[in-house]
Amino acid sequence: MTTEQEPSRNAASTGKVDFDTIVIGAGFAGLALIHHLREAGMSVQVFDKAADVGGTWTWNRYPGAMTDSESYYYCLTFSKELLQEWSWTARYPDWKETHQYFRFIADKCDMWPHIQLNTEVVSADYQNDAGHWLVTTGDGKTYTCKYFISGMGMISEPVIPKIPGMDKFKGPLFHSSRWPQEGLDFAGKRVGIIGAGATTVQMVPVMAKTAGSVTVFQRTSNYILPAMQKPMTAEWEKEIKDNYDEIVDMCRNHVFGMAFGTAGRNLADTPPEEIQQIFEDNWNGSFRWVFETFDDLLSNPEANKMASQFIIDKMRERVEDPAIADILVPSVDDYPLFAKRPPLDHGYLEAFSRDNVHLVDIKNQEPIVEVTETGVRTTENEFEFDIIVLATGFRAYTGALEAFPIRGASGQSLHEKWHDTSNCIMGVCAADFPNLFMVTGPQAPFANLPTSIEQNAIWITDCIKKMESEGYDVFKPKQAAEDEWSAHVSEIHEQTLMAQGDKVNSWMMGANIENHKPRVLIYFGGAHVYYDRLRESADGGFPELDFEQLAS
Ligand code: NAP
């Protein structure tokens, strides 16, 4: 499928700026924005520092990397034709297949002319007098655009721990999201993995099959849900493709942006003898279990405890050695389910039955002291490795936006603005940053990302259409709108059990970053409610923004 690119009638075509829009990131956001902005007649330039399209799926090439959302709704939905044409091979595609999907979209929609890869944006400055953005890339070139848009992803900026001696290690040592692009042969090698979150849970079972040994250094244990991978059969694919309109609609109307049903009942109102049966009947893999059993699991502490205990029992059944289980499996009193994002498991728990897989409890038994030339030294032991992987997580939501200076009207950067809070307007705009849009910025929901990204791209395009059709030069996000949205997000956050995430270093509150004040990063009022709010904003003429014309 190709989309005719209309000639731009906008700022870029009059020579005032190089491009109407510059977008950073050629992942889901970049591709969705190319589609929508091009249809609106805007010129679009996407820069990405990676060597290919795909965003997360270009960077995260570690063994076992795959989606945790089910394939058939973890995709862009702007073209019914493309939804019918592409075929997924499994419930959860691995990174290679997802990456191929991105190339398929870019090819089919003739997007490549808009995309410049291997190009890192190193600064972006709003020009008050001209009312546009000046964007500088790593090669020293500068570009101007009327609208500057971040599509950099909400989990893209790695957290590198400050462990003494990391520069001394003689072998490869890297963050999991920086797995060498050319691949790395770990067969027969001794691998140390620091961290035990979703990434490690995916990595270990695959690595263990060929590595000499795999040693996981775990600080906090997780509630681990089974993925229950399965191939995409012809019948299942037909059923999906016959019902794509309903599936897209389900995502748009779901609390988590997923094609899940709702439970329609609370655990608190369910007779005790039925609760375990409902948990058991729904134990079919994915996050579905959390959303299709009871509606009060993330708000009612008692319901959450019962769900947590159910998961604990299931986890224990799968870990052979009770001493390992004591380390791997949390206790209901540790923290509520979903105060940390639960990993999905493809054989992680069973992997610890293998002779070549080891678990080190660095919280209660032997904290890491340092990385040495040959491995890792804890208070009790010295471990020798050929490869060390830092699966230590990400600076979520704001990390990419703070990684280089993005300076607004007052010259203040987003990093400076977000010193104590990460306030903004619906995750898409921030006060003091005119003509800047963010896709899934802070205080947007945590949801199936393509669903949220497409809703953001539509809101952004609608806003630009208003600007262009009404002859405005600049929009200025209102401080009062930012205060109102942030207060609303905080109020809702406090009503959920996710508010306890600061006790367990949850990235969902930025609590995983050293010397960083935990904050409310996510809107938990329901992705569907948020999408409605975006729609109301657009239909209401974007009341969160002031629109201005510059004196010519
Ligand atoms: P994570 O869940 O934040 O886990 C990081 C791990 O590193 C934690 O076990 C943490 O321990 C540990 N850690 C951090 N700093 C440390 C230090 N200084 N010393 C020792 N241990 C340290 O990160 P992740 O596993 O990369 O996953 C992050 C998110 O990315 C996921 O929750 C998910 O949303 C996304 N993700 C998605 C997929 C997918 O959808 N397919 C796959 C992977 C990741 P503590 O818990 O004690 O802080």
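Both counts, for ligands and for their atoms, begin at 1 and track the order of listing. Quick note: numbers below take in every heavy atom, side chains included, and nothing from hydrogens, waters or symmetry partners.
Between Arg252 and Asp532 a salt bridge is recorded (basic side-chain N to carboxylate O distance below 4.0 Å).
In summary, the atoms of ligand 1 found under 4.0 Å from a heavy atom of Gly195, numbered by their order in the structure, are 6 (C), 7 (O), 9 (O), 12 (C). Within the listing of ligand 1, atoms 20 (C) sit less than 4.0 angstrom from a heavy atom of Ile362. If you number the atoms of ligand 1 from 1 as listed, the ones under 4.0 Å from a heavy atom of Met66 come out as 39 (C), 41 (N). Taking a cut-off of under 4.0 Å to the non-hydrogen atoms of Tyr62, the atoms of ligand 1 that pass are 42 (C), 43 (C). Each of the following atoms of ligand 1 lies closer than 4.0 Å to a heavy atom of Asn505: 45 (P), 47 (O), 48 (O).
Counting only residues at least two apart or on different chains, no ring pair (Phe, Tyr, Trp, His ring centres under 6.0 Å) pair has a member in residues 195-216.
Of the candidates Arg341, Met154, Lys162, Arg341 brings a heavy atom nearest to atom 33 (C) of ligand 1. Between Gln202, Lys340, Met203, it is Lys340 that holds the heavy atom closest to atom 46 (O) of ligand 1. For atom 23 (O) of ligand 1, the candidate residues are Ala196, Pro367, Gly393; the nearest heavy-atom contact is made by Gly393.
What sits closest to atom 10 (C) of ligand 1 on the protein, heavy atoms only, is Arg219 NH2, 4.2 Å. For atom 3 (O) of ligand 1, the closest heavy atom belonging to the protein is Trp507 CD1, 3.6 Å. Nearest protein neighbour of atom 4 (O) of ligand 1, counting heavy atoms only, is Gly197 CA, 3.6 Å. Given atom 18 (N) of ligand 1, the protein heavy atom at minimum distance is Pro161 CB, 3.3 Å.
Both the sub-6.0 Å distance and the 45° axial angle are satisfied by Arg178 relative to the ring of Trp59.
Between the side chains of Tyr335 and Asn304, no donor-acceptor pair is found at a separation under 3.5 Å.
Across all their heavy atoms, Ser331 and Tyr223 have their closest contact at O-OH, 3.3 Å. Taking every heavy atom of both residues into account, His254 and Gly261 meet most closely at NE2-O, 3.9 Å.
Note that the CZ atom of Arg103 and the CD atom of Gln100 stand 9.5 Å from one another [nearest 0.5 Å].
Of the options Arg190, Glu384, Lys170, a side-chain contact (heavy atoms from CB on, under 4.5 Å) to Thr374 is made by Glu384 and by none of the others.
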